[in-house]
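Fair warning: this is a prediction, and the values are worked out from it, not measured in the lab.
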Protein chains: 2
Amino acid sequence: MPSPQSRAAPPPRPRLTREAVLDAASGLVSQHGPQALTMRKLAAELGTAVTSIYWHVGNRESLLEALVERTVRELGEIRPRGSTPQARVVSIARTLRRELRARPHLIAMVHERGLTERMFLSAQRALAQEAHAAGLRGARAAEAVRSVQFTVIGHVLVERNRERAPTQRPGEPELWEPAEAKAADDPALARALARPPDPEKVFMASVRALVEGLLGPPDPPLPQSL
Amino acid sequence: MPSPQSRAAPPPRPRLTREAVLDAASGLVSQHGPQALTMRKLAAELGTAVTSIYWHVGNRESLLEALVERTVRELGEIRPRGSTPQARVVSIARTLRRELRARPHLIAMVHERGLTERMFLSAQRALAQEAHAAGLRGARAAEAVRSVQFTVIGHVLVERNRERAPTQRPGEPELWEPAEAKAADDPALARALARPPDPEKVFMASVRALVEGLLGPPDPPLPQSL
DNA sequence: ACCTGAACACCGTTCAAGT
DNA sequence: ACCTGAACACCGTTCAAGT
């Protein structure tokens, strides 16, 4: 007898709980996407009747909502690094990108439910501080904050889009092949566009150019030996 | 007798055709989103048996694929306007934004299937030309093209996200209310962030800043009186 | 308070049969 | 070549009934 107080009871399946349901659901979604989450599969995974799940989480839609809510909450505080406002804004952008890319399916669900922006509120505060430090004030500073915010979120969405893309015909390679390239005035440009882009490079180049356009070039942090 | 060759035939329902199926499906999707497109509703709309549809389009998934294909094809050629490369790039960005926002549901489907980028190939060509005209060459020009491309697509995705968003609690207004604003060093900034952003303004500010960061300030088109 | 199976109304898809 | 209804395997959800 493994446990003294309950003899002959069926194996120690712990009581079904809302948390257990969410965990199992999160597992299904993380691995195979939300379409893999059916109430019947979930029940099988949990070893309960389908209808028990309804008692704990209401219905499928509010189950998904709970998962999204959890994901939004999980995205932690942002700690900017760097010695100039420009560098710190770039570091915020970088951190956000990394966090988002770690949870593709769940982030997609957050996006579908229109909560992407809410997930970014703490980042928004950090950006506001840096805009202020760079000398921007009032409405202009707010505009800069939002430009960075929209651009970062946007790039992450575009990247995700590219990753899910099936092989595209006609794709960039075909369209920028030598034939076209000869006609172009810049063969090196044509060749570069024929290669698949490095999304991280594009992201960093965009963010740097945007930040410079918004905040201007950084002040030299210290008088150098010159 | 309305038509001589066929007396007593049931009303002149024209033969079911692939095009008719696509049109009806497109209507359902455009108005109520892809989840409103069920094979049974579609059949009812067309006045045929559910199974007839399968003969013409295969199955639901390839029907949706055909709709997406159509949408990608419909996005026309881009005609840049303006007298400097900078202005022309901005005009390209503007046009793309408008085209995309005219077909929200279909564009979302293009996005879900990872074809957003393919839809942008003609725009990419136009951007490459402008980057070249601005003096960028080779890999640097390609990077600029992609920065603009990613940024524009990204902003459109973010905007769509915001539009579908349910009212968010806690939202920006609550989080940037006076209480917080007092603590901030810039009350005007806090007030500006408490107001809902004007997406068009954010878009234009981002694109302008990005283009300046990438291409530099435009040359004066003509020597001015000074 | 928690769990259950039966039943309902919906799906997409296949298939043999019609014309 | 085109269209049909019946049937299958799957859904999410409700509900009365159990403990």
Side-chain angles (χ1 to χ4, degrees), chain A residues 3 5-29 31-69 105 108-109 112-113, chain B residues 3 5-29 31-69 105 108-109 112-113:
Chain A
S3 111
Q5 73 276 28
S6 74
R7 291 175 294 154
R13 168 150 75 76
R15 254 164 156 295
L16 188 57
T17 158
R18 184 182 157 88
E19 280 308 303
V21 174
L22 288 184
D23 287 340
S26 177
L28 280 176
V29 168
Q31 288 182 37
H32 307 106
Q35 90 289 345
L37 177 68
T38 75
M39 302 303 266
R40 283 168 160 89
K41 261 190 233 160
L42 186 53
E45 184 117 331
L46 289 163
T48 54
V50 196
T51 43
S52 305
I53 298 171
Y54 283 82
W55 198 92
H56 287 282
V57 297
N59 56 23
R60 184 172 185 272
E61 186 48 34
S62 61
L63 168 54
L64 290 177
E65 223 161 88
L67 287 186
V68 162
E69 196 64 36
H105 281 130
M109 283 171 53
E112 275 154 27
R113 279 158 186 73
Chain B
S3 109
Q5 72 277 24
S6 73
R7 293 175 294 157
R13 167 150 74 77
R15 252 164 157 294
L16 188 58
T17 159
R18 185 182 157 87
E19 279 309 302
V21 174
L22 289 183
D23 288 341
S26 176
L28 279 176
V29 169
Q31 289 182 34
H32 307 105
Q35 91 290 346
L37 177 69
T38 77
M39 302 304 264
R40 284 169 159 89
K41 260 190 232 159
L42 186 53
E45 185 118 330
L46 290 162
T48 54
V50 195
T51 43
S52 306
I53 298 171
Y54 282 83
W55 199 91
H56 287 282
V57 297
N59 56 24
R60 183 173 186 273
E61 186 48 33
S62 61
L63 168 55
L64 290 176
E65 223 160 89
L67 286 185
V68 162
E69 196 65 34
H105 282 129
M109 284 171 52
E112 275 154 27
R113 278 159 187 73

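- Every side chain to side chain contact (heavy atoms under 4.5 Å, CB included) that B/A49 has, sequence neighbours left out, goes to B/T51, B/S52.
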Under 3.5 Å, which N/O atoms of the protein pair with N/O atoms of nucleotides 15-19 of chain D?
none

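- Annotation: salt bridge (Lys or Arg N to Asp or Glu O under 4.0 Å) contacts involving residues 39-59 of chain A, sequence neighbours excluded, are absent.
- Taking side-chain N and O atoms only, A/T48 has no distance below 4.0 Å to OP1 or OP2 of C/dC3.
- Annotation: side chain to side chain donor-acceptor pair (under 3.5 Å) contacts of A/Q31 (sequence neighbours excluded): none.
- When the P atom of D/dC2 is taken as reference, atom CG of B/L16 falls 10 Å away, rounded to whole Å.
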Would you write the dot-bracket representation of DNA chain C, where each base gets (, ), [, ], | or . depending on whether it forms a Watson-Crick or G-U pair under 3.5 Å and with which partner? ||.|||||...|||||.||

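- Shown here are the side chain to side chain contact (heavy atoms under 4.5 Å, CB included) partners of B/L42, two or more places apart in sequence or in another chain: B/V21, B/A24, B/A25, B/L28, B/L37, B/L46, B/I53, B/L63.
- The side chain of A/R15 approaches C/dC2 more closely than any other nucleotide in the set D/dT4, C/dC2, C/dT4.
- With the nearest nucleotide of DNA chain C identified for both B/G58 and A/W55, A/W55 has the one nearer the 5' end.
- Within the structure, every pair that satisfies the salt bridge (Lys or Arg N to Asp or Glu O under 4.0 Å) test and touches residues 18-28 of chain B, not counting sequence neighbours, is listed here: B/E19-B/R70, B/D23-B/R70.
- When the P atom of D/dT13 is taken as reference, atom NE2 of A/H56 falls 16 Å away, rounded to whole Å.
- Minimum heavy-atom separation, B/P34 to B/M109: CB-SD, 3.9 Å.
- For B/S52, no side-chain nitrogen or oxygen approaches OP1 or OP2 of D/dC2 to under 4.0 Å.
- The two atoms that bring A/R60 and A/Q35 nearest to each other are NH2-CA, 4.5 Å, heavy atoms only.
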Are any protein N/O atoms closer than 3.5 Å to N/O atoms in nucleotides 8-12 of chain C? If there are, list each pair with its distance.
unit_1: C/dC11; atom_1: N4; unit_2: B/R40; atom_2: NH2; d: 3.4
unit_1: C/dG12; atom_1: OP1; unit_2: B/M39; atom_2: N; d: 3.3
unit_1: C/dG12; atom_1: OP2; unit_2: B/M39; atom_2: N; d: 3.1
unit_1: C/dG12; atom_1: N7; unit_2: B/R40; atom_2: NH1; d: 2.4
unit_1: C/dG12; atom_1: O6; unit_2: B/R40; atom_2: NH2; d: 3.1

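- Evaluation of the side chain to side chain contact (heavy atoms under 4.5 Å, CB included) rule for A/E61 yields A/N59, A/L64, A/E65, A/R113 as partners, not counting sequence neighbours.
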